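Naming: A, B, ... by sequence-line order, numbering from 1 per chain. Side chains are part of it too, since the values below use all heavy atoms of this structure and drop only hydrogens, waters and symmetry mates. Keep in mind the model is a prediction, meaning the values are calculated, not measured.
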Amino acid sequence: MVKTQKLVYLSLFVTVATALGFIEMMLPYPMPIPGIKLGLANIVTLLIIYLYGLKEGLAVSLLRVFFVSFLAGTFLSVSFMLSLSGAILSTLIMYLFKKYVAVFSIIGISIIGALAHNIGQVLMVILLIKTKYVIFYLPILLITGLPTGLITGYIAKYLLSYLNNTK
Amino acid sequence: MTKADKRLLIIIFIVSFFAYALIQLYFNHALSEGQVIVKSRGEIVKYIHLQNDENVQRLEIEGKVGLLIIEIKDGMVRMVSSNCPEKICIKQGWIKNPGQSIVCVPNEVVVYIDNDNEELPDAITR
């Protein structure tokens with residue numbers, strides 16, 4: 001692919017991811033479980049990993065975390081740190097599983113990404129407030145990560161079939 | 001969805017479910033010995049024996065951003081007031097079982113119920 005074309009595509013993906021991330025901040029959640037999220041922006045990260053690779057995936061998800069925090073005014077706040085740790089860990093883990101464990105489809109990879117995001121956030125909370133107690137909260141987060149990972153995985157699968165056609 | 005995807009789903013579900021059940025079981029073992037422990041910025045600032053007391057008890061805790069108010073009633077604990085932006089700690093409502101916790105991340109305050117009181121100091125002086 002031509003260099004400029006790739007640049008344009010990636011910029012567009014950053015925009016889409018930022019919009020999705022911002023929309024997600026405004027969504028109300030019915031259950032009083034702190035930390036659960038639909039992970040809409042993860043759809044974009046997943047697509048980039050499948051269409052391009054790790055370097056581009058990391059770049060897009062990091063830029064998205066920064067832009068969303070600028071828009072929401074949470075730059076360098078705790079929720080920013082949580083998003084950052086979750087985004088980095090999930091991008092890395094999704095890429096590694098996609099590349100080295102061939103048995104999973106894009107849906108499996110999406111679920112793995114959701115779980116990695118949760119684990120990254122819990123690790124960050126433990127680091128930030130120095131309490132190991134939060135780790136007991138992880139099973140609940142992981143269970144809620146399964147349906148959200150499934151949903152984003154199916155959306156990504158659907159989008160990917162279109163994007164592969166246009167390429 | 002491949003076979004491996006389904007297996008992954010089922011395995012994670014079972015593991016998380018059992019981990020959750022084990023945590024509940026472990027902490028419910030000695031329910032009557034519940035202690036409310038309040039940590040602010042990594043240090044224990046208050047701990048109180050959790051009893052089935054109808055009287056409302058209110059604690060004021062100094063967090064990183066400001067003052068938090070914790071309410072204890074009928075053997076349950078909740079966050080009543082906090083000046084953090086998202087108020088997730090307040091929305092979480094009551095907790096009553098050992099192993100449960102309320103975390104206010106912006107204030108770096110953790111309220112949790114424990115049944116293991118070995119590492120607690122005898123008194124806190126300030």
S.K.: For L8(B), run the side chain to side chain contact (heavy atoms under 4.5 Å, CB included) check against I112(A), L146(A), I107(A) and tell me which one passes.
M.R.: I112(A)

S.K.: Rounded at 0.5 Å granularity, tell me how far CG in L115(A) sits from OG in S16(B).
M.R.: 7.5 Å

S.K.: List for me each residue that meets side-chain hydrogen bond (donor to acceptor under 3.5 Å, both in side chains) alongside S105(A), sequence neighbours excluded, and say none if there are none.
M.R.: D5(B)

S.K.: Same cluster for I48(B) and W94(B) if Ile/Leu/Val/Met/Phe/Trp/Tyr side chains link at under 4.5 Å?
M.R.: no

S.K.: Taking every non-hydrogen pair under 4.5 Å, which of G108(A), G149(A), G145(A) racks up the most with chain B?
M.R.: G108(A)

S.K.: Which answer fits S79(A), side chain, backbone, both or neither, if we ask what part of it has an atom under 4.5 Å from a heavy atom of chain B?
M.R.: side chain

S.K.: Verify the cluster assignment for L20(A) and F70(A): are they in a single hydrophobic cluster under the rule of side-chain heavy atoms below 4.5 Å apart?
M.R.: yes

S.K.: Of all the heavy-atom pairs spanning T2(B) and F104(A), show the shortest one and how long it is.
M.R.: OG1-CA, 4.2 Å

S.K.: Any chance you could measure Y20(B), atom OH, to I143(A), atom CD1, to the nearest 0.5 Å?
M.R.: 8.5 Å

S.K.: Kindly work out whether a path of hydrophobic side-chain contacts (I/L/V/M/F/W/Y, heavy atoms less than 4.5 Å apart) joins I90(B) to I102(B).
M.R.: yes

S.K.: Are I151(A) and Y154(A) joined in one hydrophobic group, where the rule is that I, L, V, M, F, W and Y side chains link up if heavy atoms are under 4.5 Å apart?
M.R.: yes

S.K.: Who passes ring pair (Phe, Tyr, Trp, His ring centres under 6.0 Å) against Y158(A), sequence neighbours left out?
M.R.: Y162(A)

S.K.: Taking the side chain as every heavy atom from C-beta outward, state whether L150(A) and L9(B) have any pair of such atoms under 4.5 Å apart.
M.R.: yes

S.K.: Once rounded to the nearest 0.5 Å, what's the spacing between atom CD1 of I135(A) and atom CD1 of I23(B)?
M.R.: 9.0 Å

S.K.: For the residue pair I12(B) and I111(A), establish whether any side-chain heavy-atom pair is separated by less than 4.5 Å.
M.R.: no

S.K.: Under a 4.5 Å heavy-atom cut-off, does chain A meet the side chain of V105(B), its backbone, both or neither?
M.R.: both

